[in-house]
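It should be emphasised that the depicted structure is a prediction, and the values quoted were computed from it without experimental measurement. Protein chains get the first letters and strands the later ones, always in sequence-line order, with residue 1 at the start of each.
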Amino acid sequence: MPDLTGQTFQDQLRQTLYAALQEAFAAGQLGQLAQIPTSSEVVFQPPKNPTYGDYASPIALSLAKPAGLNPLQIAEILVEYLDRSGFSAEVAKPGFINFKVQDSLLAKQLALILNQGSDYGRTTPAKPRKILLEFVSANPTGPLHVGHGRWAAIGSTLANLLRFAGDEVTTEFYINDAGNQMSLLGQSLGVRYFQELGYEATMPEKGYQGDYIKDLAQTLILEWKDIKASAPVDWFTDYACQHLLQQQKDTLAAFRTEFDHWYSERTLHEEGIVQKAMDDLEKRGMLYRADTSQAEQAERERETDEGDGSGALFFKAAQFGDDKDRVIQRSNGLLTYLAADIAYHREKFERGYDLLINIWGADHHGYVPRVKAAMQALGHPSEGLEIIIGQLVKLLKLNPETGKKEEVRMSKRTGNFITLDDLIYGIDSPEDAVGPDAARWFILSQSADSSVNLDLDLAVKRDTDNPVYYVQYAHTRACSVFRNLGDYPELLEFLANLRSGFNPETLIGESGFLLDSPEERALILRLINAPDQFRRAAEERAPQILVRYSEELANDFMKFYDRCRILPLLRENPKDALAYARGVLMVAAKQVLATALGLLGISAPESM
RNA sequence: GCGCCCGUAGCUCAGCGGAUAGAGCAACCGCCUUCUAAGCGGUAGGCCGUUGGUUCGAAUCCAACCGGGCGUACCA
């Protein structure tokens, strides 16, 4: 088998199959086949049913038609050309080729896992990318809610996964600290501040009513006893922004979500970056002034000259696939949010990233075409900006009055919402807490494409039923075995030094490979699959792949733990070879469980 | 109206072109003198929204329709 470093075990097997395909084709054995597919088009994966072997490929089936041959015949030809050192291959019914890995190769792979330690599962891409991953990016106008938690969990996990897959990733939080909402926030705090001090003050109509503003006003009073009667609104705005942002940072840290950069929208304006972007668009002829967009004018068949040219400033988004042109500066001279966003994304590219990935809620998906259009208008390739749209979280809670499940609306303005802190620390008391581990698992276990119903009563009550504890428990059990090996220091020492060098021959006994039970074999194969799963989760931006894998790994481990005991063997014979071999497998499984949980941002406890 | 996402077990959801459609929870039946039973084994539960099409092969791709969510601003 060819040695292809940086690739997964599965890649290597696939490559072997592909080599056979190339040879058979070159030898003219594949009938009328005009050309062979590329290597990545060759389907090759573990079959659902283990009786079909460890890996399987339906490649012969798909080649049958173009080759004008029977699929079984093609499969037979390919197997003949296969370099079968390390595995066996057989042809099955309709035309599948089923692979079974030989024990010696399993032993070698196990040694590799242990040797690479916590780096096992890393892969190296052909060309690593510089990626800027932006997510959460909430307004600093209040606590983060559960919806933000979804983006935080997905974003932080994707960052972990992409880094593990060899890309250079920077995470960034865009602070929306400019615009109307901010001054409304400042006004709201000012009102609460004066009210707390016993003065008359009326909340603006669309002010922030939430209790957290009152709390903040009290903090403000403690900090500044003298009345800031003369303080301008901006002062309150800055104070609120600074404190609420800090709260968000604390919440995110507790939710195991770290950001490398915090980028302030204000700096875009203050440093003239917005102006630069507008100039750039202008230079490229992408802007025009009008009362309504060109498309709308045409639609209404208006006289072109109804506007005097002093209307709003439009960006020609329709030229790049958007539905219509978009306003970036209103008639009253104020910039729209789009102007800042164009500038922000342009600036990200200028910082030298190959790929920008944003995670946005579905309520912003209509915004995607215009931002992409702007980047194209500025000369950036459309593949350079990838926007992941996550569907929204709906919170359900039992209403004691009606006895029905009702949606808990998440509105910061009215202040009626469940915060991410509530989920982490509990709404009323710590007993209500879902905690970061269970909350992250729940969120990450489902695709960003599906809208989530989070039943708060169940989320809290069912905490011990959450499968996350199953996976953590598997890790815990492995730990407990090692704790119980105290009477066998020789074995402990052997297991502690596996990484620095370990002979796969240890796994071979008098009658062959020692780990030959179905449970042991299944667990080893599962471990060998980890790098492929990690990489696929990164490529498909799908943390749920990692969640599923973790569950399956834990399940394989539990069966192994249950039926392949170590201590009873040692009591019979402290040097029992099978006990040693199982100890090796136990170390490897514990390590990969910890890696998977780590990528998910979930703790891997030593005991529960 | 148009656009995006979703309709899979009683519930919450995986699977998204390959061999007999899965998991957790809920239900039922077994298993603790053996490394933590937060476990293991087993039973039951499905016209994969509907109809057509593409394919050797469809839960998976395409079209239409039916349901649900979100969006469709000179708001941020």
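Side-chain N/O atoms of A:N453 and base N/O atoms of B:U12 include no donor-acceptor pair closer than 3.5 Å. One cannot find a donor-acceptor pair under 3.5 Å joining the base of B:G71 and the side-chain atoms of A:H364. Side-chain to base pairing of A:N98 with B:A19: one donor and one acceptor N or O lie within less than 3.5 Å of each other.
Between A:E386 atom CD and A:I388 atom CD1 the span is 5.0 Å, to the nearest 0.5 Å.
Residue-to-nucleotide proximity on RNA chain B shows that, of A:R330 and A:L61, the 5′-proximal contact is made by A:L61. Between A:R548 and A:R483, the one whose closest nucleotide on RNA chain B sits nearer the 5' end is A:R548.
The separation between A:R565 atom CZ and B:G39 atom P is 14 Å, rounded to whole Å. For A:N555 and B:G39, the CG to P distance is 11 Å, given to the nearest whole Å.
The heavy-atom pair separating A:I154 from A:P543 by the smallest distance is CG2-CG, 4.3 Å.
Listed by first residue number, the stems of RNA chain B with at least three Watson-Crick or G-U pairs below 3.5 Å are B:1-7 with B:66-72, B:10-13 with B:22-25, B:27-31 with B:39-43, B:49-53 with B:61-65.
Ring pair A:Y288/A:F314 is parallel by interplanar angle, where below 30° counts as parallel and above 60° as perpendicular. By the 30° and 60° cut-offs, the orientation of the rings of A:Y561 relative to A:F557 is tilted. The aromatic rings of A:Y174 and A:Y344 sit parallel, their planes meeting at an angle under 30°, below the 60° perpendicular limit.
Base orientation for B:C32: syn, the chi torsion being within 90° of 0.
Judged by centroid separation below 5.5 Å and plane tilt below 30°, A:Y52 stacks onto the base of B:A19. Here A:F96 counts as stacked on B:A19: its ring centre is under 5.5 angstrom from the base ring centre and the planes meet at under 30°.
Spacing between B:G67 and B:C61 at atom P, rounded to whole Å, works out to 22 Å. One P atom belongs to B:A37, the other to B:A44, and the distance between them is 28 Å to the nearest Å. With both ends at atom C1', the span from B:U12 to B:A26 equals 11 Å, rounded to whole Å.
Among the atoms of the strands shown, only primed sugar atoms or phosphate atoms (P, OP1, OP2) are found under 4.0 Å from some heavy atom of A:M558.
With sequence neighbours left out, A:R571 forms a salt bridge (Lys or Arg N to Asp or Glu O under 4.0 Å) with no residue at all.
For the pair A:Q391 and B:C4, the criterion of a side-chain N or O lying under 4.0 Å from OP1 or OP2 is not met. Between A:S450 and B:U12, a side-chain N or O to OP1/OP2 separation shorter than 4.0 Å is absent.
If you check B:A76, B:G69, B:G18 against the side chain of A:N180, the one that comes closest is B:A76.
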